[in-house]
Amino acid sequence: TTKSPTIHESVVKSREAQKATLFQCFEVFQAKETLSENDRWHCNHCKVHRAATKQIQIWKLPSILIIHLKRFQYTKHYRDKVEMFVDFPLENLDLSTFELSKNSQLCTYKLFAVSNHHGGLSGGHYTAYALNKLDCKWYNFNDNNCSEISASSVCTRDGYILFYERQT
């Protein structure tokens, strides 16, 4: 018999919602996940495969935060680009609720660059948006072309990798 592919809960939720905030993505990313029957944990003590859960958590947030949004989905029988719009802030991204160490430093971030992917799996194109620290303006980098863009144009459904710097 052929098993149907397991699709991660975050992908299922994203398909249903078609829109999420970056904060919601962090909540799903850090949610406790029950491992499937095929991914049971092997106990070294009793030598038996057991049901288990896993959870990814952040101990300490870095000064430079790079967020890679899951834009491509691969299963045994299925491949697709995830087109969901993720609304990410340009300033004041507060991740203090996700930091376990509760470090006394500020946990708010300012976006300074975005890598974009346009197209699908069979073909696509990458561009970048970056904030110039000297003139505080956003620019679109597309192959040999560079042009100024408005801050309101930075957050799109093509956002793929987000670059944040801790605000001081």
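Taking both residues in full, the closest heavy atoms of P89 and Y164 are given as O-OH, 2.7 Å, listed atom of the first, atom of the second, then distance. A pairwise comparison of heavy atoms in Q30 and F98 identifies OE1-CD2, 2.7 Å as the closest pair. A pairwise comparison of heavy atoms in I67 and F26 identifies CD1-CE1, 3.7 Å as the closest pair. For A52 against W41, the heavy-atom pair with the smallest separation is CB-CB, 3.7 Å. In terms of heavy atoms, V154 sits closest to F88 at O-CZ, 3.7 Å. Smallest separation of non-hydrogen atoms from D94 and F23: O-CE1, 3.8 Å.
A distance of 14.5 Å separates CZ in R50 from CG in L35, rounded to the nearest 0.5 Å. From Q57, atom CD reaches atom NZ of K32 across 8.5 Å, with rounding to the nearest 0.5 Å. Rounding to the nearest 0.5 Å places CD1 of I58 at 6.5 Å from CG of L95. Rounding to the nearest 0.5 angstrom, the gap separating the CD atom in E99 from the SG atom in C107 is 4.0 Å. Rounded to the nearest 0.5 angstrom, Y129 OH and C155 SG are separated by 10.0 Å. Summarising the geometry, atom CG belonging to N140 is positioned 5.5 Å from atom OG1 belonging to T127; distances are rounded to the nearest 0.5 Å.
Applying the salt bridge (charged side-chain N to carboxylate O under 4.0 Å, His left out) test to E91 and every residue at least two apart in sequence or in another chain returns K110. With sequence neighbours excluded, the residues forming a side chain to side chain donor-acceptor pair (under 3.5 Å) with Q24 are T21, listed by chain and number.
In this structure, Q18 contributes its side chain and M84 its backbone to no donor-acceptor pair below 3.5 Å. Counting only distance, with no hydrogens or angles, the side chain of E33 and the backbone of K54 share no donor-acceptor pair below 3.5 Å. The backbone N or O of H49 lies less than 3.5 Å from a partner atom in the side chain of R40, making a donor-acceptor pair. The backbone N or O of N145 lies less than 3.5 Å from no partner atom in the side chain of D143, so there is not a single donor-acceptor pair. No donor-acceptor pair closer than 3.5 Å links the side chain of S115 to the backbone N or O of I161. R166 contributes a side-chain N or O that, together with a main-chain N or O of L61, makes up a donor-acceptor pair within less than 3.5 Å.
L93 places none of its side-chain heavy atoms less than 4.5 Å from the side chain of T108. Contact check for F163 versus Y109: no side-chain heavy atoms found under the 4.5 Å cut-off. By the 4.5 Å heavy-atom criterion applied to side chains, L90 and L131 are not counted as neighbours. Counting only heavy atoms from C-beta outward, the side chains of W138 and L111 approach each other to under 4.5 Å. When side chains are defined from C-beta on, Y126 does not count as touching N142, because their heavy atoms never get closer than 4.5 Å. Between K137 and Y139 there is a side-chain heavy-atom pair separated by less than 4.5 Å.
In summary, the side chains of H125 and N116 do not present any donor paired with an acceptor at a separation below 3.5 Å, with no hydrogens or angles considered.
Classified by interplanar angle (parallel below 30°, tilted 30° to 60°, perpendicular above 60°), the ring pair H68/Y160 is perpendicular.
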Next item on the list: Before giving the answer on side chain to side chain contact (heavy atoms under 4.5 Å, CB included), spell out for L162 and L22 the whole-Å C-alpha distance, their side-chain angles and the decisive distance to 0.1 Å.
Entry: CA-CA 10 Å; L162 312 175; L22 189 57; 4.0 Å; yes
Check: Where do D158 and H118 land on the side chain to side chain donor-acceptor pair (under 3.5 Å) test, with the steps shown first?
Finding: CA-CA 6 Å; D158 294 321; H118 312 275; 2.9 Å; yes
